Amino acid sequence: MTTENTAPRHPMRWVPTLYLAEGLPFYAVALVASLMYKSMGVANDEIAYWTGLITFAWVFKSLWSPFLEAASSKKFLVVMFQLIGGVCLGLVALSLQLPMYFAISIALLGLVAIAAATHDIAADGLYIASLSNKQQAAYAGWQGAFFNAGKFISLGGLVVLAGHLEKSMPPAQAWAVIFGILGSMMIALALYHSWALPGTRNTNTDASMRSVFLTLKDVIITFFQKPGIWLAILFILLFRVGEGQIQTIGPLFLREAKNLGGLGLSTAEVGIVYGTAGTIAFLGGSVLGGYFASWLGLKRALPWLILAMNVPNLVFFFLSTSLPENLAIVATALSFEMFGYGFGFVGLILFMMQVIAVGKYQTAHYALATGVMQLGLVVPKMISGSIQMSLGYKNFFIWVLISAIPVLLMSRLLVIKTPQKPVQAVSGNTAEA
């Protein structure tokens, strides 16, 4: 049982910034760190192995989610782990000046990953507990948009700034500035959230280790006892099959030489089409997708959201067939694809929140579902390169469209209960099944 201990804040005061705080450390670890090590002369195999290893924190975060169920306040956890992540990012900046910078910075980034993954659990739990089903749907687009805004801030502005700084100072100093900025942003967000987040207090806590492990056991058992859980897991795994392959091969297709079937764009041109028009389209699609699902209801909206996420992948087949020279045509086509991606991805988020996470352990079961979701993204990414090389770009993009058919068919088999009226989740209250 949880009780409200502060006046509720309007969701727009904290939902966007909360999910920006999820996105910034994730992309700092998963993408920005790789670019930093490349500039500092680290071999590709070491970069791939170590940065890949530390990102497993997001895959396995559900294993320690029951420990967070025993915490008295999700708000406290959110703010604390934002502060820890910010401090560790700042220490990464300092470590780059040391002789053993690589080992030390990797260890610190590992701490950032653990803190960020744990923060995600608490933040998602706070979101679920503080908003009604209708509100969850309405603001789901905002959470997805601002999580990915972390990507565009990191890979856009900050990486561009790093490239500019590298012209006037050694790479270690240039990237120290970047990670110092990232750390400062996280600390600033933590201080803001200490005021802005809705306050919650859990009155049923038991801090004993035995209780925690019993909770973990109960979380896992009750998760797999949910009606239709195996069908739901398969649905989650299949939802991102097309996206996982497009995310990997799409940018490579844009960079590939024309005589090899690609568009032959420069790195700067790829940044322009993804970082300007594509960014705006994605953010707009995410927000509108949330309101669309709120208006129509998850059960009726889900097939349309799946179609919105996958049908726009047709633009890659169009580009691979026509190979346009005009950058405006490429940007327009990719904007259509990015809009659909943002619009449709809301469906998976809401499915995990309103179908999988309902019940006794909302936070922990949502974390388990997101772990399954990550697995459903990683496997298609791993095999997409081999498939593309076997089929070629044109046939590969047809395959991506075909691979989305199973999840669309499955959406008609899922049992999604539509409440007679929205469940009113008072700020701080955990809804029980």
Side-chain angles (χ1 to χ4, degrees), residues 1-3 22 26 53-78 80-81 84 110-111 113-130 133 136 200-239 348-379 414-417 423 425 428-433:
M1 176 180 178
T2 56
T3 58
E22 282 198 19
F26 174 79
L53 184 65
I54 58 182
T55 57
F56 266 82
W58 281 276
V59 176
F60 295 113
K61 65 183 181 180
S62 59
L63 296 180
W64 57 85
S65 59
F67 292 82
L68 305 188
E69 294 282 357
S72 61
S73 170
K74 288 184 175 66
K75 175 180 178 178
F76 172 79
L77 290 176
V78 168
M80 179 180 69
F81 283 109
I84 292 172
L111 292 177
I114 294 171
T118 308
H119 163 267
D120 293 356
I121 300 170
D124 291 336
L126 183 67
Y127 181 91
I128 294 171
S130 301
N133 277 6
Q136 289 172 21
T200 63
R201 185 158 299 279
N202 186 359
T203 59
N204 289 341
T205 60
D206 186 342
S208 71
M209 291 299 293
R210 181 175 182 273
S211 173
V212 169
F213 282 109
L214 287 175
T215 300
L216 175 59
K217 179 181 177 181
D218 196 37
V219 163
I220 295 173
I221 291 174
T222 55
F223 181 81
F224 288 103
Q225 286 179 340
K226 289 176 179 286
I229 187 61
W230 292 108
L231 187 65
I233 288 174
L234 183 59
F235 175 78
I236 295 172
L237 288 172
L238 293 176
F239 196 97
L348 182 56
I349 297 296
L350 290 175
F351 179 79
M352 293 188 297
M353 284 186 174
Q354 298 185 4
V355 177
I356 300 296
V358 293
K360 185 178 180 181
Y361 300 111
Q362 286 183 316
T363 301
H365 285 172
Y366 183 77
L368 281 170
T370 58
V372 174
M373 177 188 70
Q374 288 300 108
L375 182 62
L377 179 69
V378 169
V379 174
L414 296 170
V415 177
I416 301 175
K417 296 181 179 179
V423 177
N429 285 356
T430 302
E432 298 290 339

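Keep in mind the model is a prediction, meaning the values are calculated, not measured. Note that these values count all heavy atoms, side chains included, but never hydrogens, waters or copies made by symmetry.
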How far does NZ of Lys74 sit from NE2 of His119, to the nearest 0.5 angstrom? 13.5 Å

Atom pair CG (Asp218) and CD (Gln225), whose distance is rounded to the nearest 0.5 Å: 8.0 Å

Measuring from Ile84:CD1 to Met80:CE, what's the distance to the nearest 0.5 Å? 5.0 Å

Roughly how far, to the nearest 0.5 Å, is CD1 of Ile236 from CG of Leu348? 6.0 Å

Donor-acceptor contact below 3.5 Å, side chain Tyr127 vs main chain Gln136: yes

What heavy-atom pair brings Lys75 and Leu126 nearest, and what distance separates the two atoms? N-CD1, 4.5 Å

Could you check if a side-chain atom of Ile121 sits within less than 4.5 angstrom of a side-chain atom of Tyr366, using non-hydrogen atoms only? no

Heavy atoms only: give me the nearest Leu77-Ala122 pair and the separation to one decimal. CB-CB, 3.9 Å

Can you name the nearest heavy-atom pair linking Leu237 to Val372, along with the distance? CD2-O, 3.5 Å

Could you tell me whether a side-chain N or O of Thr370 sits under 3.5 Å from a main-chain N or O of Met373, the two making a donor and an acceptor? no

Heavy atoms, side chains only, cut-off 4.5 Å: are Phe224 and Ile233 in contact? yes

Heavy atoms only: give me the nearest Phe351-Ala232 pair and the separation to one decimal. CZ-CB, 3.8 Å

Scanning both residues in full, the closest heavy-atom pair of Ala357 with Met353 reads CB-O, 3.4 Å

Heavy-atom closest pair (Ala117 atom, Ala57 atom, distance to 0.1 Å) is CB-O, 3.6 Å

Would the distance check show the side chain of Lys226 and the main-chain N or O of Val358 forming a donor-acceptor pair, the cut-off being under 3.5 Å? yes

Within-4.5 Å side-chain heavy-atom neighbours: His365 and Thr222: yes

Could you tell me whether the side chain of Ile229 reaches within less than 4.5 Å of the side chain of Ile356, counting heavy atoms only? yes

